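Single-structure report; data block below.
One-based numbering, in listed order, for ligands and for the atoms of each. What you see is a predicted model, and the numbers here were worked out from it, not measured in a lab.
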Amino acid sequence: MSAPILRLALPSPLRRLFDYRAPEGVSGAALQPGVRLRVPFGKRSVIGILIERVQHSEVPEEKLRSAEALLDATAPLPAPLFQLCLWTAQYYQHSLGDTLNWALPTLLRQGEVAEVRQQRYWLATPHARLDDPRLERAPRQREALRAITQHPHGVSQELLAKLQLNRASLEGLLDKGLLRWEWRSSVPPRHQGSWLVEPELNLNSQQRVAVEAVRAAFGAFQAFLLAGVTGSGKTEVYLQLIHGALEAGKQVLVLIPEINLSPQTLSRFERRFNARIVLLHSNLTDRERLDAWLAARDGDADIVIGTRSAIFTPLKRPGLIIVDEEHDGSYKQQEGLRYHARDLAVVRGRMENVPVLLGSATPSLESLHNAHTGRYALLRLDQRAGGAHAPRFLRLDVKSRPLEAGISAPLQQAIGQTLAAGQQVLVFLNRRGFAPTLLCHDCGWISQCPRCDARTTLHQRHNELRCHHCGHVERPPIRCPQCQHVDLRPVGAGTERAEERLALLFPDYPVLRVDRDSTARKGSLDRLLDTIHKGEPCLLVGTQMLAKGHHFPRVTLVAILDADGGLFSADFRASERMAQLIVQVAGRAGRAAEPGRVIIQTHLADHPLLVQLTEQGYFAFAEQALAERRAAALPPFAHLALLRAEAHRPGQAEAFLDLACGHAEQLCQQLDLAGVELLGPIPSPMERRAGRFRAQLLIQSQARAPLHRLLGPWLEAIETLPGARSVRWSLDVDPMDLY
Ligand code: ADP
Ligand code: ZN
Ligand code: ZN
């Protein structure tokens with residue numbers, strides 16, 4: 001019998017596997033599926049994952065190359081996670097090798113050993129005291145001890161170097177018996193005893209129903225949608241369920257949106273639990289990420305908290321998956337492998353037999369629909385916990401009212417009254433910069449990005465025109481480039497301009513701006529939040545960064561400067577997003593004793609969706625919006641896939657999509673696929689972006705199955721199209737943005 005052939009998934013966009021011979025001297029038994037091998041690939045050497053061993057290859061004998069080295073004794077990726085990757089690759093029509101690559105921590109992709117690294121950790125001994133008389137004459141040793149006692153889990157060798165503690169002081173402390181070290185991984189051993197550090201709150205009846213329902217499902221798959229108004233105590237429900245899972249000896253995975261990743265989030269878990277918590281997010285070093293990943297895989301972490309990609313964290317003893325703010329857009333990856341972490345959480349729960357809890361004050365229409373059809377069990381929390389009242393809404397019709405930097409006179413008055421009463425005001429405007437347009441008052445010239453079909457935004461503080469789509473930056477002209485007149489004026493308002501105007505109107509109060517520009521520097525958001533939490537009257541101006549996760553107990557007025565964008569956008573999801581944003585921003589108001597007010601400036605004060613939302617709340621709005629989606633046969637009542645293409649020459653992307661469309665039509669006939677519609681190709685709403693011309697083809701299907709039966713063979717055909725290499729293209733299954 002000839003030696004078996006190894007079939008590997010390689011980090012390549014090609015949706016196929018690659019065959020190799022076993023590395024020299026490596027026997028068959030060592031070659032278990034899932035192990036990593038280093039193999040030659042073209043002129044490079046890459047790391048692949050063994051999928052299976054086969055007897056025959058279509059590659060001729062003499063062309064079959066040998067793998068260079070076997071990197072693992074056992075597969076680094078446990079079987080359930082491998083299954084999840086297979087499912088993901090299949091569903092999103094992505095190459096398996098590339099999918100595994102997204103799922104694995106960078107260092108494992110580069111060939112690092114898949115074992116927890118041990119290092120030295122320095123700890124103060126139990127009787128070490130800063131006022132030890134022996135330290136009186138040793139100020140450096142005392143400072144070193146002070147620094148080390150700040151870290152109850154010990155100071156790693158790595159951190160020690162950063163703290164710049166010198167060796168001599170450490171040795172001095174060691175000699176005195178005030179310091180010790182241990183050799184261990186980055187996750188400290190768990191303290192014995194109770195899981196709880198602080199007592200649990202007494203749940204109200206709706207919270208209790210929710211906790212009991214999910215607990216009853218422990219050990220089996222069931223998806224739940226926890227729809228609770230802002231401040232209704234969803235987090236308390238999560239915490240008590242986590243406690244239950246820990247008691248049962250299980251691990252919990254908690255997904256949170258990118259924007260909620262703050263020290264406050266972590267500390268809420270740390271205050272509650274005596275548990276080993278690891279945090280997985282994009283700011284970790286590669287080594288930190290690998291260590292956290294391994295701790296989760298090997299069962300050395302009890303609670304794993306992370307953003308989108310943490311859905312691919314293996315767990316030795318999974319017990320519960322929680323997705324907080326399940327409606328949040330950051331769960332959808334918008335490049336490469338375009339997965340949705342919330343949807344994958346449900347898939348994973350089913351594979352691993354654990355309940356999945358999706359929570360939100362403003363659930364996505366998809367999830368609400370799933371609750372209506374019984375796929376998710378609906379749990380509701382209708383009251384704010386702790387007695388705070390729901391905010392009151394006022395639609396302020398600004399038709400034919402003059403706006404100064406986006407602010408109307410009645411709004412100005414309301415802001416003044418609130419500040420005078422010693423309270424805080426939050427002004428929300430989802431547009432950064434000073435003004436979205438620079439306009440010539442003489443000839444109507446408008447500043448455009450040279451590389452995109454888009455206007456540039458004026459950032460006055462830096463005296464720049466910036467394109468928010470491609471990053472292009474230029475100095476604003478002094479004269480109009482078209483008519484040479486010197487009368488260029490900023491039109492419309494962004495946060496910078498609102499800030500300037502509010503500072504002028506209310507000179508006695510601080511105005512704090514919170515957006516991506518003002519918080520770009522590390523620590524600046526924390527400093528802003530600290531000021532806000534002092535509770536003195538002030539004005540906060542900001543984008544959606546302000547809308548999420550934070551508690552501003554002293555904010556009693558929320559002003560939404562412009563709600564109209566969401567009401568007449570071409571994107572069918574725009575109104576849903578607007579409603580979610582309004583409710584989330586409003587949820588910042590009056591969370592403590594004082595009641596909150598929300599004023600929404602709009603030109604469409606009678607718009608039915610806006611009326612529903614402000615008078616009857618998000619769920620009434622959602623029902624109305626769902627009815628509209630059903631009537632228009634849009635998701636969640638239909639399923640979409642979007643084929644995007646872009647190229648340097650105009651028309652090139654569309655020509656490519658035309659060919660692709662022809663293939664799809666043929667396949668639909670051949671495979672007898674009913675209810676699949678091809679819409680397009682059409683130029684993208686913003687046709688030119690960063691110098692490329694873009695087009696798209698939308699595939700819409702009433703049922704999921706025919707759509708997916710089409711996609712596999714279709715992509716195979718697309719990969720062989722003449723333009724497939726000169727045109728940049730990608731398929732987005734369940735796209736969230738149609739541009
Ligand atoms: P959400 O996550 O729904 O926004 P939180 O869990 O943050 O709400 O709760 C809002 C506030 O209400 C918090 O200060 C929390 O401590 C408090 N809270 C939650 N549940 C209860 C309860 N059962 N009894 C008293 N206070 C509660
Ligand atoms: Zn002009
Ligand atoms: Zn641009």
Side-chain angles (χ1 to χ4, degrees), residues 198-211 226-242 254 256-257 260 264-265 267-269 271-272 322-326 357-363 379-391 437-457 464-474 476-489 547-553 583-584 586-593 618 686-694:
E198 62 172 16
E200 297 183 316
L201 299 176
N202 282 324
L203 297 179
N204 63 35
S205 58
Q206 282 189 313
Q207 284 175 315
R208 195 165 332 111
V209 168
V211 167
L226 178 63
V229 299
T230 51
S232 60
K234 291 184 291 300
T235 311
E236 186 61 31
V237 169
Y238 302 154
L239 292 172
Q240 301 210 8
L241 283 169
I242 293 171
V254 184
I256 56 175
N260 288 11
Q264 288 90 321
T265 307
S267 79
R268 194 145 179 208
F269 287 86
R271 272 202 316 270
R272 176 65 57 93
I322 295 172
V323 183
D324 190 24
E325 309 287 2
E326 66 84 29
L357 178 60
L358 314 176
S360 175
T362 52
L379 304 166
R380 298 215 18 183
L381 306 178
D382 299 316
Q383 306 293 323
R384 283 189 158 190
H389 293 286
T437 318
L438 189 64
L439 171 80
C440 171
H441 206 59
D442 264 340
C443 76
W445 172 87
I446 282 173
S447 62
Q448 293 269 358
C449 174
R451 311 175 65 215
C452 305
D453 292 332
R455 298 171 184 185
T456 50
T457 301
E464 282 172 352
L465 286 170
R466 291 189 200 159
C467 172
H468 288 180
H469 302 284
C470 73
H472 171 82
V473 176
E474 63 187 38
I478 307 217
R479 312 176 160 274
C480 171
Q482 196 163 280
C483 73
Q484 311 304 323
H485 280 107
V486 187
D487 194 6
L488 296 175
R489 300 186 189 176
K548 301 188 182 169
H550 306 293
H551 291 241
F552 302 127
V583 173
Q584 298 282 348
R588 306 307 112 205
R591 285 173 75 102
Y618 181 79
M686 187 197 297
E687 185 179 6
R688 207 163 47 100
R689 178 164 168 173
R692 287 165 178 270
F693 295 85
R694 311 181 314 148

| task | Go through ligand 1 atom by atom and flag the ones less than 4.0 Å from a non-hydrogen atom of Asn204. | result |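 In order of numbering, the contacting atoms are 23 (N).
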Where ligand 1 meets Leu203 - atom numbers and elements under 4.0 angstrom, heavy-atom basis: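 Listed by number with element, the hits are 23 (N).
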Spatial distance of atom [atom1] ([X]) from atom [atom2] ([Y]) [nearest 0.5 Å]:
X: His472; Y: Arg451; atom1: NE2; atom2: CZ; result: 8.0 Å
X: Lys234; Y: Glu325; atom1: NZ; atom2: CD; result: 6.5 Å
X: Arg380; Y: Ser232; atom1: CZ; atom2: OG; result: 10.5 Å
X: Trp445; Y: Arg479; atom1: CH2; atom2: CZ; result: 13.5 Å

Exercise. Relative to ligand 1, is Arg384 under 4.0 angstrom through side chain, backbone, both or neither, heavy atoms considered?
Worked result: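 The answer is neither; Arg384 stays 4.0 Å or more away.
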Q.
Tell me the contacting part of Val237 for ligand 1: side chain, backbone, both, or neither, using a 4.0 Å heavy-atom threshold, strictly below.
A.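 Neither; no heavy atom under 4.0 Å.
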Notebook entry, point to check: Are any N, O or S atoms from His485 nearer to the Zn ion (ligand 2) than 2.8 Å?
Noted result: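 Checking the Zn ion (ligand 2) against His485, no N, O or S atom falls under 2.8 Å.
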Is the side chain of Tyr618 donor-acceptor paired with the backbone N or O of Val229 at a distance under 3.5 Å, no angle test?
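Between the backbone of Val229 and the side chain of Tyr618 there is no qualifying donor-acceptor contact (under 3.5 Å).
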Backbone or side chain, does [X] get an N/O/S atom under 2.8 Å to the Zn ion (ligand 3)?
X: Cys467; result: yes
X: His472; result: no
X: Cys449; result: yes

Quiz prompt | Among Thr235, Asn202, Leu239, closest by any non-hydrogen atom to atom 23 (N) of ligand 1 | solution =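 Checking each option, the heavy atom nearest atom 23 (N) of ligand 1 is found in Asn202.
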Which option out of Gln240, Gln207, Gln584 puts a heavy atom nearest to atom 20 (N) of ligand 1?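 Among Gln240, Gln207, Gln584, the closest heavy atom to atom 20 (N) of ligand 1 belongs to Gln207.
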Evaluation steps, side-chain hydrogen bond (donor to acceptor under 3.5 Å, both in side chains), between His441 and Arg489
CA-CA 7 Å; His441 206 59; Arg489 300 186 189 176; 3.1 Å; yes
Would the number of heavy atoms belonging to other residues, nucleotides or ligands and lying under 6.0 Å from CZ of Arg455 be above 12?
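Counting neighbours around CZ of Arg455, 12 or fewer heavy atoms of other residues, nucleotides or ligands fall under 6.0 Å, so no.
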Q) Is the count of non-hydrogen atoms from other residues, nucleotides or ligands lying under 6.0 Å from Gln240 atom CD greater than 12? A)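 Yes - once you tally the heavy atoms of other residues, nucleotides and ligands closer than 6.0 Å, there are more than 12.
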Check your understanding: Hey, what's the angle at the Zn ion (ligand 3) spanning SG (Cys452) and SG (Cys470), nearest 10 degrees?
Key ->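 That angle works out to 110° after rounding to 10°.
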Angle, SG of Cys440 through the Zn ion (ligand 2) to SG of Cys483 - 10° precision: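 My answer is 110°, to the nearest 10°.
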query = Does some non-hydrogen atom of Gly231 fall short of 4.0 Å from ligand 1?
reply =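 Gly231 counts as a contact of ligand 1 under the 4.0 Å cut-off.
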*So, does Arg268 sit close enough to ligand 1 that a heavy atom of it is under 4.0 Å from the ligand?*
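Arg268: in contact with ligand 1 (<4.0 Å).
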| field | Pair Arg272 + Glu236, salt bridge at N-O below 4.0 Å | value |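 Salt bridge flag = yes for Glu236 with Arg272.
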